[in-house]
Q: 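The structure's right below; bear with me while I get my questions together.
Everything numeric here is computed off the predicted structure, so don't read it as measured data.
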Amino acid sequence: DFQNDCYIIVELIMSKPPGIGCQLLWPMRSSCGPHGSCEIVNNISICVCEKDYEQSIEFSGVYVYPEDILCDTNEKSVQLLYHMCFALAVITILHTIFLLESKSQVVKSIPALLGFCFICACAGYRVHNPKAFFAEDVIFSFLIATSYGFSTLANYVFYVSYFNYMFKSISWKETMKQHVAIFIKIQKLLLIPFILTHYSWVVACFYDRVTAAKIVRVSFGVTGFRFLYDFLNAHFLLKQFISDLQKMVTLRPELSDHAETQMRNRWVRRQIPKAKRMRMSLLFTNIVFAVWLLLPAFWEFWYTGWKFALVALVLVYLFNSNLILRNRAKKRNYDFNDRNNSTFMNGVILERAMRGGSFGRSMNLVSSRKLSQPQGLN
């Protein structure tokens, strides 16, 4: 039965003139996708979908005629992704609250917590209303834009806090301090413009499908370049930080007494794997977001796949946030053990440890001060 097996936008079917074939987007071999075929109905070429697949108008603005939209949407699969997103957002919220220990941590975690809450609301709204499409439904678009906005703010808080943590660990060269200061300053200057860029998705709801797609693709391109910039800086800065930590382990014992050397090496060896995990986590998240945001800005076929990428990227963000929270939980356990050791890094001054290092010549650690762990989440 044609009506039962296919989903067609009937009210718009006459907008396509006869004699024009189904639109083909590279690199698709079939103009209607693997789950559809181009057929002639009343002298008009339209895409006919297989059972359980349909043409979704979400992220379809690259098509001139709605009859040509790919048969690539399985609504059950999409709903499953949003259910997973809702559950993981709730887990991340509880995980974050569980690790809060002080008022300062609560304040620094507010942007991330609000971002998680809006993700939860966004996923719940989409589960309740499956036809609430991005850049079509105002409420859904507002919720997803706000969640991205708070995530952007949480990124800024995280970078500032983490680099302050690194400053307290190692005395950097002035040139490197200036580089980090410039990076943070650029992040601060672009914070508001990037947050406002996300709300262009809400503005797109008030335009036709094709115009809305152009607005969204421009915003994706701008945001993608921002993640690419973060990727390059995280790669360079954390690589140098890890390199200098590794040089400390090779410090000759005669530079300090044996007990101090052991304590210093113990601390450094603990920081190296944590810094490596942090670097890999930041690199992975930034490059994934950069690629998935830049490609739809220049490639029409990739843009049509954003109905899945939208929720998939949120899942990646939540998963990465839980990894960072896990590292923070380990740091808290280590700090508890260190407080029970009265000789931990007591008065150790490693001025010769960083000889030839990229960030500076010395490292000063005082047992009475607990190094502050970065708050906020990437």
Q: Consider only side-chain heavy atoms of I, L, V, M, F, W and Y, link residues closer than 4.5 Å, and tell whether Tyr207 and Leu196 are in one cluster.
A: no
Q: For a disulfide bond (SG atoms under 2.5 Å apart) check, start with the C-alpha distance between Cys71 and Cys49, then their side-chain angles and the critical distance, and finish with the verdict.
A: CA-CA 5 Å; Cys71 297; Cys49 303; 2.1 Å; yes
Q: Take Leu295 and Phe220 through the test side chain to side chain contact (heavy atoms under 4.5 Å, CB included) and record every step on the way to the result.
A: CA-CA 9 Å; Leu295 284 179; Phe220 281 179; over 6 Å; no
Q: If every non-hydrogen atom of Lys307 is compared with every non-hydrogen atom of Thr304, which pair is closest and at what distance?
A: NZ-O, 2.6 Å
Q: Under the side chain to side chain contact (heavy atoms under 4.5 Å, CB included) criterion, do Val288 and Phe231 qualify, and how do the steps go?
A: CA-CA 10 Å; Val288 168; Phe231 168 83; over 6 Å; no
Q: Using the test ring-ring contact (aromatic ring centres under 6.0 Å, His included), find all partners of Phe134 that sit at least two apart in sequence or belong to another chain.
A: Phe59, Trp201
Q: My understanding is that only residues two or more places apart in sequence, or in another chain, count here; which of them pass side-chain contact (heavy atoms from CB on, under 4.5 Å) with Leu114?
A: Ile110, Phe150
Q: Would you mind reporting whether Leu81 and Leu315 have side-chain heavy atoms less than 4.5 Å apart?
A: yes
Q: Can you tell me how far apart CD1 (Ile69) and OG (Ser60) are? Round to the nearest 0.5 Å.
A: 3.5 Å
Q: Is the shortest heavy-atom distance from the side chain of Asp230 to the side chain of Arg226 under 4.5 Å?
A: yes
Q: As an exercise, state the distance from CG of Leu283 to CG of Leu238, rounded to the nearest 0.5 Å.
A: 7.5 Å
Q: Return yes if some donor-acceptor pair links the side-chain N/O of Ser281 with the main-chain N/O of Arg277 below 3.5 Å, else return no.
A: no
Q: Are Phe308 and Leu80 connected in a single hydrophobic cluster, I mean Ile/Leu/Val/Met/Phe/Trp/Tyr linked by side-chain heavy atoms less than 4.5 Å apart?
A: yes
Q: Mind checking side-chain contact (heavy atoms from CB on, under 4.5 Å) for Asn233 and listing every partner two or more places apart, or none if nothing turns up?
A: His179, Phe183, Tyr229
Q: Starting from the C-alpha separation in whole Å, work towards a yes-or-no answer on side chain to side chain contact (heavy atoms under 4.5 Å, CB included) for Phe206 and Val138.
A: CA-CA 8 Å; Phe206 300 96; Val138 175; 4.0 Å; yes
Q: Does any part of the side chain of Tyr63, heavy atoms only, come nearer than 4.5 Å to the side chain of Leu70, both counted from C-beta?
A: yes
Q: Are Ser104 and Val107 packed together at the side-chain level, in the sense that at least one heavy-atom pair is separated by less than 4.5 angstrom?
A: no
Q: Does any part of the side chain of Cys85, heavy atoms only, come nearer than 4.5 Å to the side chain of Leu318, both counted from C-beta?
A: yes
Q: Checking one residue: Leu94. Which other hydrophobic residues are in its cluster under the side-chain 4.5 Å linking rule?
A: Phe86, Val90
Q: Does Lys131 pair with Glu54 as a salt bridge, N-O distance under 4.0 Å?
A: yes
Q: Quick check: closest heavy atoms across Ile144 and Ser141, and the distance to 0.1 Å?
A: CG2-O, 3.2 Å
Q: Please work out whether the ring planes of Tyr317 and Phe289 are parallel, tilted or perpendicular, with thresholds of 30° and 60°.
A: perpendicular
Q: Given 3.5 Å as the limit, does a donor-acceptor pair link the side chain of Trp306 with the main chain of Trp292, or not?
A: yes
Q: Output, in order, the C-alpha distance, side-chain angles, deciding distance and verdict of side-chain hydrogen bond (donor to acceptor under 3.5 Å, both in side chains) for Tyr199 and Thr146.
A: CA-CA 8 Å; Tyr199 286 94; Thr146 305; 2.9 Å; yes
Q: Mind checking whether Gln187 and Asn155 have side chains closer than 4.5 Å, heavy atoms only?
A: no
Q: Say you draw a straight line from CD1 of Ile93 to CG of Leu113; how long is it, rounded to the nearest 0.5 Å?
A: 7.0 Å
Q: According to a hydrophobic-cluster definition based on side-chain heavy atoms being under 4.5 Å apart (Ile, Leu, Val, Met, Phe, Trp, Tyr only), do Phe236 and Met278 belong together?
A: yes
Q: Side chains of Thr223 and His198, heavy atoms from C-beta outward: is any pair under 4.5 Å?
A: yes
Q: If the condition is salt bridge (charged side-chain N to carboxylate O under 4.0 Å, His left out), which residues does Glu58 pass it with, not counting sequence neighbours?
A: Arg126
Q: SG of Cys32 to SG of Cys38, below 2.5 Å?
A: no
Q: Could you see if Ile182 belongs to whatever hydrophobic cluster contains Tyr156? Use Ile, Leu, Val, Met, Phe, Trp, Tyr and a side-chain cutoff under 4.5 Å.
A: yes
Q: With ILVMFWY side chains joined below 4.5 Å, transitively, what does Leu189's cluster contain besides itself?
A: none
Q: Tell me whether His83 at atom NE2 has more than 12 heavy atoms from other residues, nucleotides or ligands lying less than 6.0 Å away.
A: no
Q: Leu293 versus Phe225: any side-chain heavy-atom pair under 4.5 Å?
A: no
Q: Nearest 0.5 Å, please: how far is CD in Gln23 from OG in Ser45?
A: 12.5 Å
Q: Check Val157 against Lys108 and note the closest heavy-atom contact, atom names and distance.
A: CG1-O, 3.6 Å
Q: Once the angle between the rings of Phe301 and Trp299 is folded into 0 to 90°, is it parallel (under 30°), tilted (30 to 60°) or perpendicular (over 60°)?
A: tilted
Q: Quick one: closest heavy-atom pair of Val216 and Ala204, and the distance?
A: CG2-CB, 4.1 Å
Q: Any link between Leu323 and Ile91 through a network of hydrophobic side chains (Ile, Leu, Val, Met, Phe, Trp, Tyr) touching at under 4.5 Å?
A: no
Q: First locate atom CD of Glu39, then atom SG of Cys22, and finally report the distance between them rounded to the nearest 0.5 Å.
A: 9.0 Å
Q: Using modelled atom types and a 3.5 Å cut-off, is there a donor and acceptor pairing between side-chain atoms of Ser243 and backbone atoms of Gln240?
A: no
Q: Taking all non-hydrogen atoms of both residues, which atom of Leu310 and which atom of Val314 are closest, and how far apart?
A: O-CG2, 3.3 Å
Q: Can you measure from CG (Leu325) to CD1 (Ile97) and round to the nearest 0.5 angstrom?
A: 11.0 Å
Q: Could you tell me which non-hydrogen atom of Pro66 sits nearest to which non-hydrogen atom of Gln55, and how far apart they are?
A: O-NE2, 3.9 Å
Q: How far apart are the C-alpha atoms of Leu88 and Asn322, what are their side-chain angles, what is the distance that settles it, and do they pass the side chain to side chain contact (heavy atoms under 4.5 Å, CB included) test?
A: CA-CA 9 Å; Leu88 188 55; Asn322 278 279; 4.0 Å; yes
